[in-house]
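Report on the following structure.
Chain identifiers are assigned alphabetically (A, B, ...) following the order of the sequence lines, protein sequences preceding nucleic acid strands; residue numbering begins at 1 within each chain.
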Amino acid sequence: MTRFPPEPNGYLHIGHAKAAIIDSEYARIYDGKFILRFDDTNPENALLEFYDAQKEDLRWLGIQWDSEYHTSDHLQTHYKLAEQLISQRDAYICKCTPEVIREGRFHAKTCTCREELTGPVGLDLWKEMLASREANRILRLRGEMNSENTAMRDPTLFRVIDTKHPLTGDTYHVWPTYDFAGAVEDSISGVTHPFRTKEYELRDQVYFRILSFLNLRAPHLMEFSRLSIEGMPVSKRKIKPLIEQGLVSGFDDVRLPTLRGLKRRGIVPEAIKQFVLQQGFSKVESVVDFSLVESVNRKYLDPLVKRYYFVPDPVQLIVENAQKKTVKLHLHPDATMGDRTIHTASTFFIPRQDVQKMKVGDVFRLKGLYNVRITKIGDTVHGSYEGEELIAETAKIQWTTDDCIELTVFVPGLIFKGESFNPDSLHEIQGYAEKAVAGVPSGEIVQFERVGFVRLETQRTKLVGFFAHK
RNA sequence: GCUCCCGUAGUGUAGCGGCCAAUCAUGAAGCCCUCUCGAGGCUUCGACUCGGGUUCAAAUCCCGACGGGAGCACCA
């Protein structure tokens with residue numbers, strides 16, 4: 001039995017996805033159960049909207065959970081266990097100031113509260129703590145003040161936070177810390193294999209000490225490394241300022257590794273899952289290049305999405321002796337995916353990039369249509385009809401007629417260069433897309449031939465594209 | 001500073017005493033195929049951080065150095 005325990009304090013990102021995928025896959029492989037648990041033990045962080053937002057993100061990822069609950073549902077149980085610890089003299093009320101406590105930890109010095117404010121005395125003080133709302137005391141574990149592992153130097157178990165909780169309101173003001181809640185919840189909820197990221201490793205000892213004092217079953221704890229992507233920071237500390245300064249559009253900005261950002265950019269959940277699984281489950285810190293995600297995504301999308309013509313930076317082409325034609329072009333080599341019909345006359349648009357490589361006399365092919373010989377290159381390119389027969393060596397260029405739509409495609413780049421924001425991280429490509437693109441539903445991902453995979457989205461009434469990758 | 005974790009090609013991974021002159025993916029280069037600069041096929045390039053030790057035998061075990069990461073919160 002596994003669990004995914006997010007704190008409802010933000011949108012999920014690729015790092016959460018790694019944890020959630022490992023947790024749920026592990027359960028699935030061994031035919032076990034998978035629990036979604038909201039670790040909402042700090043009312044200062046938890047926000048109501050994120051419980052649902054995170055569930056939505058998980059559903060989008062294709063993750064299914066067998067049951068779900070909130071750690072805040074179990075506070076009464078936590079209080080009982082706390083009392084047990086106090087009466088066993090395994091926890092004590094500490095009235096020292098945070099500074100004194102920090103000093104004590106640093107110098108491995110025990111404070112007098114440890115022996116004095118435990119047992120029956122401690123119990124009374126604990127009840128006072130539950131009754132009053134004064135934040136001048138905490139409950140600490142009797143750990144090992146002289147341990148080399150500083151996490152073991154009598155860590156905090158409960159503290160007073162007098163802030164309204166999104167679910168329990170002002171019912172409670174004494175909240176367990178991660179060390180206590182995490183260990184207790186894993187154990188009493190029946191989780192057998194809890195996974196967490198490496199930065200908690202030093203806390204393992206605390207985890208097992210708490211459970212052993214409480215005589216609770218100890219799960220098989222395992223750690224894995226955090227997943228980081230080059231140039232795509234995951235931490236709220238880095239992302240939030242960008243939003244506040246208006247440097248990105250929000251948590252769903254296409255440059256961000258949030259699940260919402262990745263989705264908008266055209267990365268599909270199946271690709272994220274496969275990518276995460278490819279990374280494996282190890283303790284090696286790695287900074288992965290986003291191209292690994294792109295590669296997986298591309299292979300997933302290639303056989304599935306429709307293909308259209310989009311002409312970036314278009315140049316007009318007049319084919320002098322062109323006859324009117326009506327062509328049907330497949331939307332995909334797999335003909336069962338349908339086709340679109342285009343009427344052509346003598347006016348076309350082709351990419352400037354291709355024009356720049358041409359000279360008078362060259363022959364190229366309007367892809368799927370016919371060949372053209374260039375007769376003149378100026379602001380407008382002129383050419384003549386040069387037959388329909390496919391010539392292997394000629395360039396096949398995508399095109400539109402004058403019956404087309406204007407389209408802006410946003411191309412995301414790395415949002416961070418080293419430690420700082422990259423102001424040059426979002427480019428725009430202006431171009432013409434063939435008429436049929438106007439009929440593509442908002443949110444659909446298509447392949448623009450010779451350009452790349454693009455997710456189309458209607459913004460107000462205007463259609464825009466987000467470039468996923470080649 | 002102290003403590004802990006980690007160290008295989010550019011990147012990510014498999015291997016965890018002999019089957020490893022090291023797997024797969026990605027990347028790069030080349031060829032084939034294809035009416036895309038995509039996908040697919042084939043080929044090539046490219047790595048066990050270093051130094052000691054244990055052993056008949058080490059990428060794999062031990063010690064040390066170096067490098068990277070994390071923790072030292074009344075945050076998770």
Side-chain angles (χ1 to χ4, degrees), chain A residues 5-10 39-42 44-46 71 94 96-99 101-102 105-106 108 135-140 147-153 155-161 174-179 181-182 196-205 223-230 236 274-275 277-296 298-305 307-310 329-330 332-333 351 353-354 364-371 388-398 447-453 469-470:
Chain A
E7 184 182 29
N9 68 341
D39 256 345
D40 52 355
T41 56
N42 187 341
E44 285 175 353
N45 292 347
T71 301
C94 185
C96 302
T97 64
E99 294 72 40
I101 292 174
R102 195 178 314 129
R105 281 222 179 87
F106 192 79
N136 60 354
R137 64 186 65 168
I138 58 173
L139 185 72
R140 289 226 261 166
S147 170
E148 292 210 308
N149 180 355
T150 48
M152 277 301 282
R153 324 246 254 230
T156 305
L157 263 23
F158 285 83
R159 77 291 209 201
V160 172
I161 301 176
V174 174
W175 290 93
T177 57
Y178 171 82
D179 282 322
R196 35 151 58 155
T197 45
K198 249 178 64 157
E199 67 264 25
Y200 296 117
E201 252 177 332
L202 274 330
R203 319 207 73 84
D204 286 6
Q205 214 185 335
E223 270 98 10
F224 59 86
S225 63
R226 289 189 96 134
L227 171 59
S228 47
I229 297 179
E230 179 65 39
K236 264 191 290 299
Q274 198 184 324
F275 164 73
L277 262 14
Q278 267 175 16
Q279 296 316 304
F281 179 78
S282 80
K283 291 209 231 180
V284 188
E285 310 92 19
S286 51
V287 182
V288 188
D289 201 275
F290 194 70
S291 64
L292 259 356
V293 179
E294 294 180 352
S295 169
V296 179
R298 179 162 45 231
K299 278 163 196 169
Y300 188 82
L301 252 23
D302 191 82
L304 298 179
V305 304
R307 302 174 185 193
Y308 294 97
Y309 292 163
F310 168 72
L329 297 174
H330 289 308
H332 193 275
Q353 221 188 1
D354 289 305
F364 70 94
R365 184 173 181 84
L366 292 169
K367 197 169 180 304
L369 192 64
Y370 51 64
N371 305 318
E388 307 226 337
E389 196 189 340
L390 190 62
I391 307 167
E393 313 77 68
T394 57
K396 284 94 185 175
I397 294 173
Q398 83 278 23
Q447 184 186 162
F448 284 149
E449 297 198 47
R450 306 211 309 143
V451 176
F453 293 85
H469 46 72
K470 267 204 180 164

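In this structure, A:Arg307 CZ and A:Glu449 CD are separated by 6.0 Å, a value rounded to the nearest 0.5 Å. Atoms OH and CZ, on A:Tyr309 and A:Arg450 in that order, are 10.0 Å from each other to the nearest 0.5 Å.
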Quick one, give me the B/S/- string for nucleotides 3-17 of chain B, reading 5' to 3', where B means a protein heavy atom under 4.0 Å from the base and S means that only happens at the primed atoms, P, OP1 or OP2. SSBS----SSS----
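In this structure, CZ of A:Arg196 is placed 16 Å from P of B:rC75, rounded to the nearest angstrom. Between the CG atom of A:Leu277 and the C1' atom of B:rC24 there is a distance of 15 Å, given to the nearest Å. In this structure, CG of A:Asp204 is placed 14 Å from P of B:rC72, rounded to the nearest angstrom. Atoms CG (A:Leu227) and P (B:rG69) sit 16 Å apart, rounded to a whole Å. Following rounding to the nearest Å, A:Asp179 (CG) and B:rG71 (P) show an atom-to-atom distance of 13 Å. Separating the CG atom of A:Leu301 from the C1' atom of B:rU36 is a distance of 15 Å, rounded to the nearest angstrom. Protein atom CG of A:Asp302 is 15 Å distant from nucleotide atom C1' of B:rG41, rounded to whole Å. In this structure, A:Lys470 atom NZ and B:rG40 atom P are separated by 15 Å, rounded to whole Å.
The partner of B:rA57 cannot be assigned: no Watson-Crick or G-U wobble pair with both contacts below 3.5 Å exists in any strand. Across all strands shown, B:rA21 forms no Watson-Crick or G-U wobble pair with both distances under 3.5 Å. In this structure, B:rU49 forms a base pair with B:rA65, meeting either the Watson-Crick or the G-U wobble geometry with both donor-acceptor distances under 3.5 Å. B:rA76 makes up no base pair with any nucleotide shown, lacking Watson-Crick or G-U wobble contacts both under 3.5 Å. Across all strands shown, B:rU3 forms a Watson-Crick or G-U wobble pair with B:rA70, both key distances being under 3.5 Å. Using N1 to N3 plus N6-O4 or O6-N4 for Watson-Crick, or N1-O2 and O6-N3 for G-U wobble, each under 3.5 Å, B:rC16 pairs with nothing. Pairing partner, B:rU36: none, since no Watson-Crick or wobble contact has both distances short of 3.5 Å.
Residues satisfying the salt bridge (charged side-chain N to carboxylate O under 4.0 Å, His left out) test with A:Arg102, not counting sequence neighbours, are none. For A:Tyr300, the side-chain contact (heavy atoms from CB on, under 4.5 Å) partners two or more places apart in sequence, or in a different chain, are A:Val268, A:Glu270, A:Leu304.
Under a cut-off of 6.0 angstrom, the local environment of CD in A:Glu389 is sparse, with at most 12 non-hydrogen atoms contributed by other residues, nucleotides or ligands.
A salt bridge does not link A:Glu294 with A:Lys470: every distance from a Lys NZ or Arg NE/NH1/NH2 to an Asp or Glu carboxylate oxygen is 4.0 Å or more.
When the nucleotides B:rU36, B:rC75, B:rC74 are ranked by their closest atom to the side chain of A:Lys396, B:rU36 comes out on top. Of the candidates B:rC74, B:rC75, B:rU36, B:rU36 carries the atom nearest the A:Arg450 side chain, counting heavy atoms from C-beta on. In the set B:rG1, B:rG38, B:rC35, B:rC35 carries the atom at the smallest distance from any side-chain atom of A:Leu390. Out of B:rC37, B:rC74, B:rU36, the shortest distance to the side chain of A:Gln447 is found at B:rU36.
Applying the 4.0 Å criterion to OP1 and OP2 of B:rC37, one finds that A:Arg298 has every side-chain N and O outside that range. At B:rG71, none of the side-chain N or O atoms of A:Arg226 fall inside 4.0 Å of OP1 or OP2 (strictly under the cut-off). For A:Arg153 and B:rC72, the shortest distance from a side-chain N or O to OP1 or OP2 is not below 4.0 Å. Between B:rC35 and A:Arg307, no contact under 4.0 Å exists linking OP1 or OP2 to a side-chain N or O.
A centroid separation of less than 6.0 Å is found between the aromatic rings of A:Phe281 and A:Phe224. The distance between the ring centers of A:Tyr200 and A:Tyr178 falls below 6.0 angstrom.
Across all strands, A:Arg137 comes closer than 4.0 Å to no nucleic acid atom at all (heavy-atom distances). Note on A:Ser147: nothing from the nucleic acid sits closer than 4.0 angstrom, heavy atoms only. The residue A:Asn136 sits apart from the nucleic acid: no heavy atom pair falls under 4.0 Å. Residue A:Arg365 is classed as a base contact, given a heavy-atom separation below 4.0 Å to a base.
Map A:Phe453 and A:Ile138 each onto its nearest nucleotide of RNA chain B; the residue landing nearer the 5' end is A:Phe453.
Rounded to a whole angstrom, the distance from the P atom of B:rU23 to that of B:rC16 is 14 Å. With P as the reference atom, B:rU49 and B:rA59 are 10 Å apart, rounded to whole Å. B:rG68 and B:rA58: their P atoms are spaced 30 Å apart (whole Å). To the nearest whole angstrom, the two C1' atoms, one in B:rA57 and one in B:rG17, are 8 Å apart. For the C1' atoms, the distance from B:rC50 to B:rG67 is 10 Å, rounded to whole Å. When the P atom is compared between B:rG40 and B:rC4, the two are found 47 Å apart, to the nearest whole Å. Taking atom C1' on both nucleotides, B:rA29 is separated from B:rA22 by 23 Å, rounded to a whole Å. Rounded to a whole angstrom, the distance from the P atom of B:rA14 to that of B:rC6 is 14 Å.
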What verdict does the side chain to side chain donor-acceptor pair (under 3.5 Å) test give for A:Thr71 and A:Asp40, after you've listed the backbone C-alpha separation in whole Å, the side-chain angles of each residue and the deciding distance to 0.1 Å? CA-CA 6 Å; A:Thr71 301; A:Asp40 52 355; 4.6 Å; no
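Contact annotation: side chain of A:Tyr200 to base of B:rA76, donor-acceptor pair present below 3.5 Å.
Put simply, the side chain of A:Lys198 reaches to within 4.5 Å of the side chain of A:Glu285, judged on heavy atoms.
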